[in-house]
Number of protein chains: 2
Amino acid sequence: MSAQIKKSTYSDIDKKESKIEGEYLPTKKSSLPNITANDALANNPTLKNSTSLPLFSPLYQQIKELILKSLQVGEWQPGESIPSEMDLAERFQVSQGTVRKAIDELSGENILTRKQGVGTFVATHSEEQVQYRFLKLMPDLENSLKKGSSEREIISFKQIPASDFVANALAINAMDDVFCLRRVLSFSGVVTILEDVWLPCHSFKGLTADRLNAYGGPMYGFFEKAFGIKMVRAQERIKAVLPNSVQAELLAVSESTPVLSVERTAFTYNNNPMEFRQGLYLTLDCHYRNELN
Amino acid sequence: MSAQIKKSTYSDIDKKESKIEGEYLPTKKSSLPNITANDALANNPTLKNSTSLPLFSPLYQQIKELILKSLQVGEWQPGESIPSEMDLAERFQVSQGTVRKAIDELSGENILTRKQGVGTFVATHSEEQVQYRFLKLMPDLENSLKKGSSEREIISFKQIPASDFVANALAINAMDDVFCLRRVLSFSGVVTILEDVWLPCHSFKGLTADRLNAYGGPMYGFFEKAFGIKMVRAQERIKAVLPNSVQAELLAVSESTPVLSVERTAFTYNNNPMEFRQGLYLTLDCHYRNELN
DNA sequence: CAGTGGTCTAGACCACACT
DNA sequence: GTGTGGTCTAGACCACTGC
């Protein structure tokens, strides 16, 4: 019932049977089991107390939020499949088309991955195709990094209080402990990237350099498996800088060799920053590639 | 009947009088409800002779291609509205939902812009909101360039034969003539960008520095109005470099100041490269911002 | 073969903008 | 009010995958 009302205004803020459309779903599954869907909507407090603008939102957006919430709490782990569209439609008591539109958006945001004939899966950084999804460095001559011939070495790993700058990027309190690690990446035997990575200790309890080294795949894949932290989005700020003496030595170049400084903040669900890193990229034989649309 | 078949394959590779769409709107809903939409499929020659892979494509993709073709030939100019979804559905003899899906994709690619209650418009680089859509430079402290206080100055403008490098980027023959211009951009009175721009003379007949200077808005908006050339996409390659003596002087920095080198190839419809430029960005108080998804 | 996502249609109603 | 895009539903069929 109340569910119907929401639908009638695309909203969660309504009241009484202005059945303005008892027809979207007549009696229908009313007699049937789940309530979930309507309940889900009915109970979804998302916008209920919103004193700000979006006093309502389309049904599919609400479904999207519900799916995101399930992802957030780990109901479905990275790499796993989520229920079929029909099942979700049943669960939320909406039409398959509405679920589909919600999944469409999540798929567009690289949060879910569809595989025709198989199902819909939670995106992961561990899969071959999307490994290094956030690494935009390309050789000048070829069209993709030869990831097979990449090596990496962790140079240092320590636990320290966050500087104001890092704390701000991670949205934590200054002086909260963070893990700070420095590593070097080489491609085809050529040292190319030097990067410092900061992670909030609170969320990465028990992280050690050994565990990181022991894991073969990409770091974000490790975070998923070891800490259930899934990076869904990142923001980078790029500048041209000169390395200091330490950095230059690690990169095996002179201090007058310009390098790209790439500061990245990576976010998990809910725009929650979980990692900050600064990379120095040597761009003599490669470049940072970006597509503009 | 045959209608069913087409649908059954989502294909265009069909038989019989492919009178190349003499009847997108024929007898139409003549006797029976449909046949129409299926005819659209049957008669659409798009992929008929394709000897390569996609021996078929979904209807909405074909509609998308037809819309793109109309944009390409200038049936609808940048900033103008295109026919309503219902009208297009009528024209192509498919359902509104199918047209909608085609437009959804074009909208996602920033080729069309929807405005609820008003219509669907051809995207343009002249609108306030999307001006400098391809410029990713941001001040470190604020969240967007103060475009109001920007100035630009064309330093040189000439017509020369394309170098191999430029010709390759523009997909033209080496030694074909190109316009080459150099300009400086300042923000809040600070010189920030020095860029060289190459344009194929063939497509920009009659371009002069004066005409460029006379136009107040962004360059891509000018190209739309003066030459009907709409840039829809671009690719950038970023490196950290040191400016040469001439560049350093124009940027008012020393030759040991690292700068971002941003090489951009901009494409019009059909992945047709229409502009190549190399920008040198001073990143002392600003940065190149990129969102990763 | 059964099950999943992908496409297409048809029709209803909602939200919005302009006149 | 009229017309536009936006949402939602329902049902049909197609294409792909894996058992």
Side-chain angles (χ1 to χ4, degrees), chain A residues 3-11 14 18-29 37-38 41 54-64 81-90 92-107 112-121, chain B residues 3-12 29 32-41 54-64 81-90 92-107 112-121:
Chain A
Q4 317 260 14
I5 289 149
K6 274 78 164 248
K7 285 184 174 184
S8 81
T9 55
Y10 294 170
S11 166
D14 226 350
S18 55
K19 68 314 196 116
I20 303 185
E21 69 175 65
E23 358 281 310
Y24 267 176
L25 343 138
T27 57
K28 195 186 182 147
K29 293 156 180 177
N38 299 315
L41 282 176
L55 290 176
F56 69 92
S57 78
L59 240 195
Y60 77 89
Q61 284 288 357
Q62 300 176 43
I63 302 299
K64 181 180 170 186
S81 73
I82 71 172
S84 74
E85 294 178 353
M86 288 306 273
D87 287 350
L88 289 172
E90 173 77 5
F92 298 129
Q93 288 295 288
V94 297
S95 78
Q96 189 219 15
T98 300
V99 170
R100 168 160 273 271
K101 185 149 187 185
I103 294 181
D104 275 345
E105 291 207 351
L106 292 168
S107 172
L112 295 178
T113 302
R114 320 181 90 130
K115 292 184 189 169
Q116 182 172 166
V118 186
T120 302
F121 298 79
Chain B
Q4 312 273 10
I5 290 157
K6 277 65 162 263
K7 282 186 166 181
S8 80
T9 57
Y10 292 170
S11 167
D12 317 18
K29 300 173 175 165
L32 284 178
N34 17 13
I35 295 176
T36 49
N38 305 310
D39 278 356
L41 281 176
L55 290 176
F56 69 92
S57 78
L59 239 195
Y60 76 88
Q61 285 286 359
Q62 300 176 44
I63 302 300
K64 183 180 170 188
S81 74
I82 71 172
S84 74
E85 295 179 353
M86 289 305 273
D87 287 350
L88 289 172
E90 173 76 7
F92 298 129
Q93 289 293 287
V94 297
S95 79
Q96 188 218 15
T98 300
V99 169
R100 170 161 270 273
K101 186 151 188 184
I103 294 181
D104 275 345
E105 292 208 350
L106 292 168
S107 172
L112 296 178
T113 303
R114 321 182 89 129
K115 291 185 190 169
Q116 183 171 164
V118 185
T120 303
F121 298 78

Quick one: which protein N/O atoms are closer than 3.5 Å to N/O atoms of nucleotides 16-19 of chain D? Pair and distance per line, please.
{"residue": "D:dC16", "atom": "O4'", "partner": "A:Q116", "partner atom": "OE1", "Å": "3.4"}

Taking 4.0 Å as the cut-off, does a side-chain nitrogen or oxygen of [X] come that near to OP1 or OP2 on [N]?
| X | N | value |
| --- | --- | --- |
| B:K115 | C:dC16 | no |
| A:T120 | C:dG5 | yes |
| B:R100 | D:dG5 | no |
| B:R114 | D:dT4 | no |

Is the backbone of B:P58 close enough, under 3.5 Å, to the side chain of B:Q61 for a donor and an acceptor to pair up by distance? no

Has the side chain of A:Q62 got a donor or acceptor atom that lies under 3.5 Å from a matching backbone atom of A:S57? yes

What is the distance, to the nearest angstrom, from the [atom1] atom on [X] to the [atom2] atom on [N]?
| X | N | atom1 | atom2 | answer |
| --- | --- | --- | --- | --- |
| A:L88 | D:dC8 | CG | C1' | 17 Å |
| B:E105 | D:dG5 | CD | C1' | 18 Å |
| A:I103 | C:dT4 | CD1 | P | 12 Å |
| B:Q61 | D:dA15 | CD | C1' | 15 Å |
| A:Q93 | D:dC8 | CD | P | 15 Å |

Watson-Crick or G-U counterpart of C:dT19, or none if no pair lies under 3.5 Å: none

Minimum heavy-atom separation for B:F121 and B:S81, please, with both atom names. CE2-CB, 3.5 Å

By side-chain hydrogen bond (donor to acceptor under 3.5 Å, both in side chains), which residues pair with A:T120, not counting sequence neighbours? none

Please tabulate, for the side chains in residues 82-89 of chain A, all donor-acceptor contacts under 3.5 angstrom to protein atoms that are two or more places apart in sequence or on a different chain.
{"residue": "A:S84", "atom": "OG", "partner": "A:D87", "partner atom": "N", "Å": "3.2"}
{"residue": "A:E85", "atom": "OE1", "partner": "A:Q96", "partner atom": "NE2", "Å": "2.9"}
{"residue": "A:E85", "atom": "OE1", "partner": "A:R100", "partner atom": "NE", "Å": "3.4"}
{"residue": "A:E85", "atom": "OE2", "partner": "A:R100", "partner atom": "NH2", "Å": "3.2"}
{"residue": "A:E85", "atom": "OE2", "partner": "A:R114", "partner atom": "NH2", "Å": "2.3"}

Given that B:Q96 and B:Y60 both sit by DNA chain C, which one's nearest nucleotide is further toward the 5' end? B:Y60

